[in-house]
Amino acid sequence: MAVSVYLGLVHYPIYNKNNEIVTTAITNFDIHDIARTARTYDLLKYFIIHPLDSQKALAEEIINYWQEGYGGQYNPDRKEALSIVEVIPDIAAAVDYITAKEGAKPLVVTTDARKYTNTVSYGRLRQEISDTGRPCLLLFGTGWGMENSVMQQFDYILEPIYGPGSYNHLPVRAAVAIILDRLLGELWWKND
């Protein structure tokens with residue numbers, strides 16, 4: 001069964017290191033690297049979620065270079081990866097897009113380095129995505145994570161990614177790759 005999974009990178013409302021609510025800047029690496037990872041795992045759309053017109057224009061300029069400009073001719077693989085990227089103003093717009101496209105409201109899931117009452121394991125979410133056929137929107141926060149009241153609106157929050165040590169502050173691009181592999185990657189441990 002094919003799964004309908006979408007990804008959103010949220011830039012507002014985000015905490016900074018001083019626990020203030022801010023809007024983070026779009027980075028070129030986040031556009032390229034997350035698009036390549038999302039395309040590798042066959043996601044249907046990668047939303048860059050940002051409310052500021054100046055930042056949306058910057059992202060669209062980068063995307064257009066690789067879609068319509070010389071970049072697409074120079075690197076067709078990058079053109080294909082960025083073909084699933086769309087810049088939108090907020091999470092609600094992503095949910096509306098998916099609902100219209102899929103005919104069903106998506107399961108909205110996010111990530112955090114902390115546990116919440118609606119924290120879910122990777123195994124459980126992987127099974128739910130596979131079994132229900134319900135579309136899923138995976139949201140990733142930038143900065144030091146999404147604002148708490150926004151976090152409470154989601155269906156699930158994935159359990160934190162733990163390494164062997166006590167340090168726990170992965171870059172968002174690494175978290176995306178790890179999480180997509182856990183949810184959608186091959187069951188390598190069953191092939192041994």
Side-chain angles (χ1 to χ4, degrees), residues 1-14 30-31 33-51 56 59 63 80-142 145-162 170 172-191:
M1 164 192 262
V3 295
S4 298
V5 180
Y6 298 79
L7 187 146
L9 184 64
V10 180
H11 292 84
Y12 176 83
I14 299 295
D30 287 347
I31 295 171
D33 290 352
I34 294 174
R36 291 165 57 196
T37 303
R39 183 65 191 96
T40 297
Y41 286 91
D42 214 17
L43 271 63
L44 298 173
K45 188 69 73 176
Y46 163 32
F47 299 106
I48 297 173
I49 301 172
H50 206 294
K56 289 190 288 187
I63 294 163
E80 180 180 347
L82 271 73
S83 71
I84 65 169
V85 180
E86 185 164 337
V87 183
I88 58 172
D90 53 41
I91 296 167
V95 171
D96 290 346
Y97 175 97
I98 296 165
T99 302
K101 180 115 175 122
E102 300 285 339
K105 187 177 177 192
L107 184 66
V108 182
V109 180
T110 192
T111 61
D112 200 88
R114 299 170 294 248
K115 288 191 174 186
Y116 294 80
T117 56
N118 58 341
T119 294
V120 65
S121 71
Y122 293 95
R124 179 172 168 207
L125 183 59
R126 183 181 180 113
Q127 194 69 47
E128 188 164 338
I129 290 170
S130 175
D131 290 352
T132 67
R134 184 175 175 193
C136 181
L137 172 60
L138 294 171
L139 295 173
F140 293 84
T142 53
M146 283 183 262
E147 193 269 329
N148 287 334
S149 69
V150 174
M151 295 286 287
Q152 295 172 11
Q153 299 172 26
F154 304 133
D155 296 302
Y156 296 123
I157 299 171
L158 281 167
E159 61 191 354
I161 298 169
Y162 293 115
L170 285 169
V172 69
R173 294 179 302 281
V176 166
I178 292 167
I179 289 170
L180 289 182
D181 192 63
R182 288 181 178 181
L183 295 176
L184 303 170
E186 67 175 315
L187 302 173
W188 54 267
W189 60 92
K190 292 188 176 187
N191 295 332

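Computed from a prediction, not measured in an experiment: that's the story for all the values here.
The CG atom of Leu9 sits 9.5 Å away from atom CG of Leu139, with the distance rounded to the nearest 0.5 Å. Taking CD of Glu159 as the reference point, atom OG1 of Thr111 lies at 12.0 Å (rounded to 0.5 Å). Distance check: Leu107 CG to Leu138 CG gives 8.5 Å after rounding to the nearest 0.5 Å. Interatomic distance, CG of Leu43 versus SG of Cys136, reported as 9.0 Å (0.5 Å rounding). Summarising the geometry, atom CD1 belonging to Ile157 is positioned 5.5 Å from atom OH belonging to Tyr116; distances are rounded to the nearest 0.5 Å. Note that CG of Leu180 is 6.0 Å distant from CG of Leu7, once rounded to the nearest 0.5 Å.
Side-chain contact between Leu183 and Val3 is absent, with no heavy-atom pair separated by less than 4.5 Å. At least one side-chain heavy atom of Val95 sits under 4.5 Å from a side-chain heavy atom of Leu137. Using a 4.5 Å heavy-atom cutoff, the side chains of Met146 and Ile14 are in contact.
In terms of heavy-atom proximity, Pro106 sits nearest to Thr99 at CD-OG1, 3.5 Å. Val85 and Ile48 make their closest contact through CG1-CD1, 3.6 Å (heavy atoms, listed as atom of the first residue, atom of the second, distance). In plain terms, the two heavy atoms of Ala81 and Ala35 that are nearest each other are O-CB, 3.7 Å. Pairing each heavy atom of Ala59 with each of Val87, the nearest pair is CB-CG2, 3.8 Å. Nearest heavy atom pair, residue Val10 against residue Thr142, reads O-OG1, 2.9 Å. When all heavy atoms of Arg182 and Tyr122 are compared, the pair lying nearest together is NH1-CE1, 3.1 Å.
For Thr110, there are no side chain to side chain donor-acceptor pair (under 3.5 Å) partners at least two apart in sequence or on another chain. Applying the side-chain contact (heavy atoms from CB on, under 4.5 Å) test to Ser83 and every residue at least two apart in sequence or in another chain returns Gln67. With sequence neighbours excluded, no residue satisfies salt bridge (Lys or Arg N to Asp or Glu O under 4.0 Å) with Glu102. Take Tyr97 and apply the ring pair (Phe, Tyr, Trp, His ring centres under 6.0 Å) test, not counting sequence neighbours, and it matches Phe47. Shown here are the side-chain contact (heavy atoms from CB on, under 4.5 Å) partners of Ile84, two or more places apart in sequence or in another chain: Ala38, Arg39, Tyr46. The side-chain contact (heavy atoms from CB on, under 4.5 Å) check on Glu147 picks up Pro13, Tyr15, Ile21, Ser149, Val150, with sequence neighbours excluded.
Side-chain N or O atoms of Asp155 include none that pairs as donor or acceptor with a backbone N or O of Val109 at under 3.5 Å.
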Solution key, residues 172-179 side-chain donor-acceptor pairs under 3.5 Å, sequence neighbours excluded:
unit_1	atom_1	unit_2	atom_2	d
Arg173	NH1	Asp30	OD1	2.7

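For residues 110-129, the salt bridge (Lys or Arg N to Asp or Glu O under 4.0 Å) pairs, not counting sequence neighbours, are Asp112-Arg114. Under the salt bridge (Lys or Arg N to Asp or Glu O under 4.0 Å) criterion, the residue pairs touching residues 84-98 are Lys45-Glu86, with sequence neighbours excluded.
For Phe154, the CZ atom sits in a packed shell: over 12 heavy atoms of surrounding residues, nucleotides or ligands are nearer than 6.0 Å.
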Q: With side-chain contact (heavy atoms from CB on, under 4.5 Å) as the test, would you mind laying out the steps for Val120 and Leu158 before giving the verdict?
A: CA-CA 5 Å; Val120 65; Leu158 281 167; 4.0 Å; yes
